[in-house]
Amino acid sequence: MKYIDLFSGCGGLSLGLEKAGFELALAVEKSPMAAETFHHNLIGRIGSKTEWDNYLQLSIDEQFDNKLIVNEVKAVLENEYIMDCLENEGIDLIAGGPPCQGFSMAGRRNPKDIRNQLPWQFLEMVERIHPKAVLIENVLGIKHNFEKHREKAPIEEINSVLQEMWPGYVTLLMEVNAAHFGVPQHRPRVMVIALRADIAQKLKIVSWNGFWKSSFLSEEFNVGYKQPALAPICRVKEALTVRHALWDLKQGRYAATSLDDQYNSSAGAYAKQMRSDKTWLPLASKTFGYEGEAENQTLRNHSEQISSRFRLYQLFQQFDLPPKIFNTAADQTINSVERNRLIKSALMKIVYPARSPDGTMIAKTVEELLEKVLSLSTKKHSQRPLRLAFPSPTVLSMPDDFVHPLEPRTMTVREMARLQSFPDNFVFRAKETTGSLRRRFEVPQYTQVGNAVPPLLAFSVGQRISELIETALTPSLSVKVKKTLQRARVS
């Protein structure tokens with residue numbers, strides 16, 4: 001089955017779709033930095049910067065022949081040669097995640113934002129190609145109305161357009177959490193799955209009213225739970241944790257061979273899959289053993305003061321103390337006696353002598369710890385240590401969002417990629433990070449990871465779409481899919 005990936009980023013969505021059996025017809029990504037990673041992993045290995053620079057100089061038609069266009073979707077829509085080829089290709093799926101900043105609840109939510117026009121370019125591509133299925137991924141903010149501007153929620157308009165355009169689509173609006181599909185991260189997202197009307201009619205599937213929400217397999221037996229036919233099937237009973245994701249990565253290197261037994265246990269299954277499952281990336285030639293350095297595992301350099309503050313964050317988390325202690329320490333509106341009393345009363349919860357997870361002695365007494373807190377006080381403490389026993393919060397695009405749970409530093413690109421379910425032989429290209437005004441147009445490695453669709457989530461969704469299309473095009477329903485359709489209760 002052939003698919004198009006629009007706004008493809010570094011390739012998380014495509015990676016999952018290919019694992020589900022889809023074959024890339026075309027990917028379109030505006031950022032040269034994200035596109036370089038996509039090409040290196042899903043098109044062909046890039047040997048040098050010059051090689052990639054030469055690719056960027058190719059015409060749009062030549063890039064089309066290589067299945068990756070580094071340009072805006074609008075440029076593809078305006079190229080009649082490319083559109084004619086795609087219309088004759090017999091595309092099965094158009095997928096993508098239009099840039100979501102304009103929809104995000106954290107943004108200004110201006111309906112005139114140019115970024116809010118990009119989903120309509122996506123829909124124009126669907127209207128021209130009329131694929132058998134459509135998949136759209138975006139942030140939760142796309143569900144909410146533009147109340148200030150008296151505009152409907154973007155997702156409602158998108159859903160209506162898909163249903164009404166020729167030849168018509170049967171749709172399912174979903175709120176999915178990547179944790180429900182084997183990703184060690186709580187990452188709620190909106191997805192739209194649309195099946196072309198003729199395909200849906202063969203399977204007797206109709207549109208689902210309202211939003212369907214994913215859940216763990218153990219929760220699906222609740223009274224009243226419904227599984228729509230278009231929904232991806234969850235086979236996960238409980239959430240994987242940060243420990244599952246990171247336990248075999250130590251100080252930028254793989255753990256020693258003595259951990260073989262843990263790899264063979266259920267606790268090590270996820271890490272083993274990330275390190276040794278070569279079915280993810282046929283392009284990757286490197287064999288990953290149990291020793292050596294991991295790709296994209298450059299440790300961040302921090303000053304001693306920053307590392308000391310990170311150790312305190314870890315200590316506070318261990319005893320369930322809020323980081324706002326630092327706010328109190330930095331608050332000059334409180335007299336010193338009262339400030340010290342407030343801080344000390346909180347620090348009494350800690351067991352002394354106090355050590356950080358890496359074994360460093362932080363303080364032998366509460367008075368010593370008080371002095372350290374006052375010396376490291378800051379009004380900004382946006383970082384938070386990850387909790388080993390819980391899934392990661394949503395991975396974002398900034399390298400300083402999280403502190404490592406055991407080491408006094410922020411996370412590496414590879415560690416963040418593990419939380420997103422990227423296999424270790426998926427190599428991130430371009431520079432690691434950027435800053436200042438360059439963030440407006442550069443997409444470095446950390447941003448590529450944070451913006452991506454988790455490949456395991458994409459795999460589950462792609463697998464469901466593939467099953468339905470194959471079933472509709474096969475004269476006799478397979479027993480497996482037939483039973484699934486019988487169980488599904490659609491509105």
Side-chain angles (χ1 to χ4, degrees), residues 4 6-7 13 73-74 77 93-178 180 187-197 199-201 205-215 224 226-232 394 451 453 457-458 461 464-465 468 488-491:
I4 296 173
L6 303 179
F7 312 100
L13 179 57
V73 172
K74 182 180 179 181
L77 290 168
L93 171 67
I94 292 181
C100 57
Q101 294 94 328
F103 293 135
S104 175
M105 293 298 290
R108 296 180 180 179
R109 294 185 54 74
N110 182 353
K112 301 296 190 293
D113 191 326
I114 186 63
R115 294 168 296 186
N116 289 329
Q117 307 306 314
L118 298 178
W120 308 114
Q121 295 177 16
F122 182 101
L123 291 170
E124 183 178 347
M125 183 71 73
V126 172
E127 191 172 31
R128 292 280 299 273
I129 305 299
H130 45 83
K132 298 179 182 69
V134 177
L135 171 62
I136 299 176
E137 184 267 355
N138 217 296
V139 294
L140 292 183
I142 198 174
K143 289 176 57 178
H144 301 281
N145 295 334
F146 288 110
E147 294 180 2
K148 179 179 178 181
H149 303 275
R150 297 181 181 178
E151 299 274 354
K152 287 185 177 180
I155 195 63
E156 293 182 17
E157 295 186 65
I158 291 171
N159 192 51
S160 296
V161 171
L162 283 170
Q163 292 179 358
E164 295 170 7
M165 72 166 55
W166 187 89
Y169 285 87
V170 167
T171 61
L172 170 65
L173 304 181
M174 307 186 298
E175 184 178 317
V176 295
N177 191 330
H180 297 148
R187 190 181 184 90
R189 285 293 187 269
V190 167
M191 280 190 168
V192 183
I193 292 181
L195 201 60
R196 204 171 65 199
I199 304 293
Q201 185 175 10
I205 296 175
V206 296
S207 292
W208 180 271
N209 293 327
F211 268 85
W212 174 79
K213 292 187 177 183
S214 66
S215 66
K226 294 182 178 181
Q227 173 79 25
L230 291 178
T394 300
N451 287 348
V453 177
L457 171 59
V461 177
R464 187 62 187 142
I465 294 172
L468 292 172
R489 291 178 288 173
V490 293
S491 60

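Predicted model only: the values in this text are computed from it and were never measured.
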Would you name the heavy atoms of [X] and [Y] that are closest together and state the gap between them?
X      : Y      : result
Ala95  : Leu13  : CB-CD2, 3.8 Å
Gly96  : Phe122 : N-CE1, 3.6 Å
Leu135 : Ile193 : CD1-CG1, 4.0 Å

Which is it for Leu6 and Ile94 under the side chain to side chain contact (heavy atoms under 4.5 Å, CB included) test, yes or no, and what are the steps along the way?
CA-CA 8 Å; Leu6 303 179; Ile94 292 181; 4.1 Å; yes
Could you walk me through whether Val192 and Val134 pass side chain to side chain contact (heavy atoms under 4.5 Å, CB included), step by step?
CA-CA 8 Å; Val192 183; Val134 177; over 6 Å; no
Mind running side chain to side chain contact (heavy atoms under 4.5 Å, CB included) on Leu457 and Met191 for me, showing each step along the way?
CA-CA 11 Å; Leu457 171 59; Met191 280 190 168; 3.8 Å; yes
Set of residues satisfying salt bridge (charged side-chain N to carboxylate O under 4.0 Å, His left out) with respect to Glu175, sequence neighbours excluded
Lys143
Show your reasoning for whether side chain to side chain contact (heavy atoms under 4.5 Å, CB included) applies to Leu123 and Ile158.
CA-CA 8 Å; Leu123 291 170; Ile158 291 171; 4.2 Å; yes
Please report, to 0.1 Å, the donor-acceptor pairs under 3.5 Å made by any side chain of residues 165-174, with sequence neighbours excluded.
from: Tyr169; atom 1: OH; to: Pro131; atom 2: O; distance (Å): 2.6
from: Thr171; atom 1: OG1; to: Asn159; atom 2: OD1; distance (Å): 2.7
from: Thr171; atom 1: OG1; to: Gln163; atom 2: NE2; distance (Å): 2.9

To the nearest 0.5 Å, what is the distance between [atom1] on [X] and [atom2] on [Y]?
X      : Y      : atom1 : atom2 : result
Glu124 : Lys74  : CD    : NZ    : 10.0 Å
Glu157 : Leu162 : CD    : CG    : 12.0 Å
Asn138 : Phe7   : CG    : CZ    : 10.0 Å

For Leu230, run the side chain to side chain contact (heavy atoms under 4.5 Å, CB included) check against Ile465, Ile205, Val461 and tell me which one passes.
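With Leu230 as partner, Ile465, Ile205, Val461 yield a single side chain to side chain contact (heavy atoms under 4.5 Å, CB included), made by Ile205.
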Partners of Thr394 by side-chain contact (heavy atoms from CB on, under 4.5 Å), sequence neighbours excluded?
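In terms of side-chain contact (heavy atoms from CB on, under 4.5 Å), with neighbours along the sequence ignored, Thr394 is linked to Gln185, Arg187, Pro188, Arg189, Leu396.
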